[in-house]
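Notes to accompany the following structure.
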Amino acid sequence: LGGSAAAAAAAAAAAAAGVGAAGAPDPMREIIVLGACGGNELLPQQNPDLPADVFTACLTTPIKVALRWFCSRSLLRHDGISKELIDRIPGRQTDRKTPLGELNWIFTAITDT
């Protein structure tokens, strides 16, 4: 969502959270909203090398998005490293004994510090 749509979504989430008897948000109805931009901002133009919804992709597949972003901006973009190659990295994110799992472990170690 961008611009007024993001503002409307944030306002709807705030209204859905409700207000308790003491005038404070009801802790049983609190809502966390993660947005790609503020209500007065617009999303950037779409890059064909990245997924259509970059924000969600960063949350669900951070390794692949990071590799796509890096390779699209580095000298590697001319060396045959493509989206298809990145999508074929073998393994599971939860298994450190695989290439994808090792990349995920490194990513987690960096982001947790």
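Every value quoted in this text rests on a predicted model; they were computed, and no experiment measured them. Below, each value reflects all heavy atoms present in this structure, side chains not excepted, and no hydrogens, waters or symmetry copies.
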**Report entry** Positive for side chain to side chain contact (heavy atoms under 4.5 Å, CB included) with I89, one of I63, L67, T98
**Finding:** L67
Query raised in the report: Within the side chain of T61, is there an N or O that forms a donor-acceptor pair under 3.5 Å with the backbone of K64?
Result: no
Query raised in the report: Can you tell me how far the CD atom of E84 sits from the CD1 atom of I86, to the nearest 0.5 Å?
Result: 9.0 Å
Query raised in the report: Side chains of R68 and D87: closer than 4.5 Å at any heavy-atom pair?
Result: yes
Report task. Decide whether L103 and I110 are clustered together by the hydrophobic rule: side chain heavy atoms of Ile, Leu, Val, Met, Phe, Trp, Tyr closer than 4.5 Å, transitively. Result -> no
Query - Within-4.5 Å side-chain heavy-atom neighbours: R92 and L100 - result: no
**Report entry** F107 CZ to E102 CD distance, which is reported to the nearest 0.5 Å
**Finding:** 14.5 Å
Report summary line: Heavy-atom closest pair (P99 atom, P90 atom, distance to 0.1 Å) is CD-O, 3.5 Å
